[in-house]
Amino acid sequence: MEKLKYSATVKNGFQYTLKRNIKKVVQNFKMPARDIGKKQYYSYLSIPIRNHHIFYESFSGLGVLDNPRAIFLQILKDPALKYYVHVWSVADMEMAKDNMKEFENLPNVKFVQRESEDYYRYLASSKYLISNSTFGYFFTKRPEQVYINTWHGVPTKYMGYEHTAERVENARGPARNFLAADYLLSANEFMTDIMYRRAYKLDGLFNGKVLEVGYPRNDLLINADKEKVYQKLQDAGLATDKKIILYAPTWKGQLYNQLDYNVDEFKETVKKFTENIDTSEYVIYLRVHYFLYKLLANDPALKDILAPFTIDTNELLSVVDILISDYSSIVFDFLITKRPIIFYVPDLKEYENGRGLYIPTETLPGLVSSSLDEVASSLDAICKNREEYVEFYAPMWEEMANWCIYNEDGMAAKRFVNIVFKDYTYLPSKSHDIIDGFGNKKKKILICVNSRQKDSSFWDSFKAGLERYNYNTTDVTVLVTSFKDDTTKEYFNTLPDAVRVLVWYALPFVAKEAKRFFDREALRALGNAKFDEVRVEGDVTEYWAAFANNLNL
């Protein structure tokens, strides 16, 4: 690595030290509970690793669901792995109680309240970490830990740095988690190339392994015990004596924590669908994004048709007769069944002209319409002529299946477990692959910059400097301190598309700034990424300067 290059001014050291000392005293007397937990987590980073513990989190603690669930079930039934202890993160114990009940009598399965003391202890000390989303900004993967990120679907709409409205904000959490991961799970080559390499700009920087072995959650669909699924529906108060139409719209919102739904409009959509089916033969149930689920679970008009997250989505799909969706990755999973899909896309123009879609709508294997009246009026005809509908769209189904579900044979979880937990590298088919990092020959430069620069001319100069790089030979990452104002957010969204922007968030407490601390901070911000050159530009604090210097040691 080249010597650290400065185009920066270090701010007054006395003032900086004074502020830190004051904060150190204050934090002992006044600290929000959520921050106390993060401080506990930091202290737990020094305790011994529990080599036979696996820590799982799915959808920020929604329950035992999705890819982590499928992997968990595969390990549970493998006699050679019976010595593992399984720890699940659960955000709402009451809401997930039926989901947890399935495993409550297993002595090697534990459930911990998300963001509790136990949660932070197990997150810091479990040998294996498995998530289908992201761990918070405070998360630091220890070198002895093995972090597996499975994600939760094949992308249909623009993601990460390709998100047109919120490039940096949309990418920051997943990009940081992916760079920290030892393994990324991929359903297929499309997901590997479009999502991981391109949308999240991991090409050239990711140093782990990509397991392109199919999606474990689809094993739950392919191998489902339908009688058990029907029983789960009955236990949740949902009738199973009729054919099921599942309405499963995708996430609507710019960011993960900003909903963009008109609930009254949503209710009208469901009402319209219901009016256009034979209710003596069919029933409509809802599966919505888990953030929206929290809003609708107590809504009198919808709660009785809402499929609870105590039932895994892919297990649920095994008993669904017709799916109505839009841009949700659930579509790729449901293709396996070869049953009818209807694409209701009321915001199609917005997506085509704004955020963007990876899959042209004209290639989708089903009716595509932005008109509620058209979809509703067609629904009854589709119900009565399912075979004809499927036959009509068969060529499009075949074309899509050839690139998105060619890996799915019900054995993805077994392949995954054999590779990660048994050190098997044999794969039973040429359609499966292990990709060892995304290396390239470009020079890799990291530029550290403080977002709170007050000199507007600095920002003009900074952007102009980035535009002078030859991105055919140079890979540029900007690591910026967190920002809150919209003007600064917009500025970083307008940097050259080739630039990868990572966001660093200060810890909510003061810690001793020793080399060990800065080593952890580097892992927290940059994961396993390596750089040929580190630069610091603009005004920086002594802390930020010390952090950058440590990257060059």
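Please read all numbers here as calculations on a predicted model, not as lab measurements. As a basis for the values below, the full set of heavy atoms in this structure was taken, side chains included, without hydrogen atoms, waters or symmetry mates.
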Looking at K442 and Y471, would you say the former's side chain and the latter's main chain have a donor-acceptor pair under 3.5 Å?
yes
Taking K39 for its side chain and D35 for its backbone only, find out whether a donor-acceptor pair lies under 3.5 Å.
no
Salt-bridge test for R167 and E169: reply yes if a basic N is under 4.0 Å from a carboxylate O, no otherwise.
no
Salt bridge present between R500 and D475 (N-O < 4.0 angstrom):
yes
Does NZ or CZ of R520 lie under 6.0 Å from the centre of the six-membered ring of Y42, at an angle within 45° of the ring axis?
yes
From Y41 OH over to E115 CD, what is the distance, rounded to the nearest 0.5 angstrom?
13.0 Å
Side-chain donor-acceptor pair under 3.5 Å between S126 and R50, yes or no?
no
Got a sec, which residues hit salt bridge (charged side-chain N to carboxylate O under 4.0 Å, His left out) with E521, two or more places apart in sequence or on another chain?
R524
Tell me if the aromatic rings of F55 and Y122 count as close, with their centers under 6.0 Å from one another.
no
Should the heavy atoms of other residues, nucleotides or ligands under 6.0 Å from NZ of K422 be counted, would the total exceed 12?
yes
Output for pair (K97 NZ, E104 CD), nearest 0.5 Å, gives 11.5 Å
Counting only heavy atoms not in N440, do more than 12 fall under 6.0 Å of its CG?
yes
Residue pair Y83 / N108, side-chain donor-acceptor N/O under 3.5 Å
no
Listed once per pair and sorted, the side-chain hydrogen bond (donor to acceptor under 3.5 Å, both in side chains) pairs that draw on residues 133-142, sequence neighbours left out
K141-D182
Ring-plane angle category for W504 and F547, please: parallel below 30°, perpendicular beyond 60°, tilted otherwise.
tilted
More than 12 heavy atoms from other groups under 6.0 Å of NZ on K127
yes
For residues T488 and S451, is any side-chain donor paired with an opposing acceptor at under 3.5 Å?
no
Looking at the rings of F138 and Y120, which for Trp means the six-membered one, are their centres under 6.0 Å apart?
yes
With side-chain contact (heavy atoms from CB on, under 4.5 Å) as the test, pick out the partner of Y200 among N170, L205, L184.
N170
Under a plain distance cut-off of 3.5 Å, with no hydrogens placed, do N314 and D333 share a side-chain donor-acceptor pair?
yes
Checking T192 against R197: is there a side-chain donor and acceptor pair closer than 3.5 Å?
no
Can you measure from NZ (K201) to CG (L502) and round to the nearest 0.5 angstrom?
11.0 Å
Under a 3.5 Å threshold, yes or no: a donor from one side chain and an acceptor from the other, between Y491 and N493?
no
Given the side-chain rings of Y196 and F438, with only the six-membered ring counted for Trp, is the space between their centroids under 6.0 Å?
no
Any salt bridge linking D66 with R69? Criterion: basic side-chain nitrogen under 4.0 Å from a carboxylate oxygen.
no
Would you say that more than 12 heavy atoms from the other residues, nucleotides or ligands in this model lie under 6.0 Å from the CD of Q145, or not?
yes
May I ask you to say whether R114 pairs ionically with E57, meaning some side-chain N is under 4.0 Å from a carboxylate O?
yes
Non-hydrogen atoms of C404 and F332 that approach each other most closely:
SG-CD2, 3.5 Å
A548 and V534 have their tightest heavy-atom pair at O-CG1, 4.2 Å
Once rounded to the nearest 0.5 Å, what's the spacing between atom NE2 of H86 and atom CG of L73?
9.5 Å
Carboxylate-amine/guanidinium contact K82 D78, below 4.0 Å:
no
Using ring pair (Phe, Tyr, Trp, His ring centres under 6.0 Å) as the criterion, point out the one residue from F72, Y128, F111 that pairs with Y56.
F72
Does R217 use its side chain to pair, donor to acceptor, with the backbone of H152 at less than 3.5 Å?
yes
Once rounded to the nearest 0.5 Å, what's the spacing between atom CG of D312 and atom CG of N99?
8.5 Å
Do other residues, nucleotides or ligands put more than 12 heavy atoms under 6.0 Å from the NZ atom of K414?
no
Ring centres under 6.0 angstrom apart (H53, Y84):
no
With a 6.0 Å cut-off on ring centres, are Y543 and F518 close enough?
yes
Rounded at 0.5 Å granularity, tell me how far CG in L129 sits from OG in S89.
11.5 Å
Per ring pair (Phe, Tyr, Trp, His ring centres under 6.0 Å), W151 is matched among F59, F178, Y183 by F178
Please step through side chain to side chain donor-acceptor pair (under 3.5 Å) for the pair S58 and N132, ending with a clear verdict.
CA-CA 5 Å; S58 189; N132 80 338; 3.2 Å; yes
Qualifying residues under side-chain contact (heavy atoms from CB on, under 4.5 Å), relative to D436, sequence neighbours excluded
K209
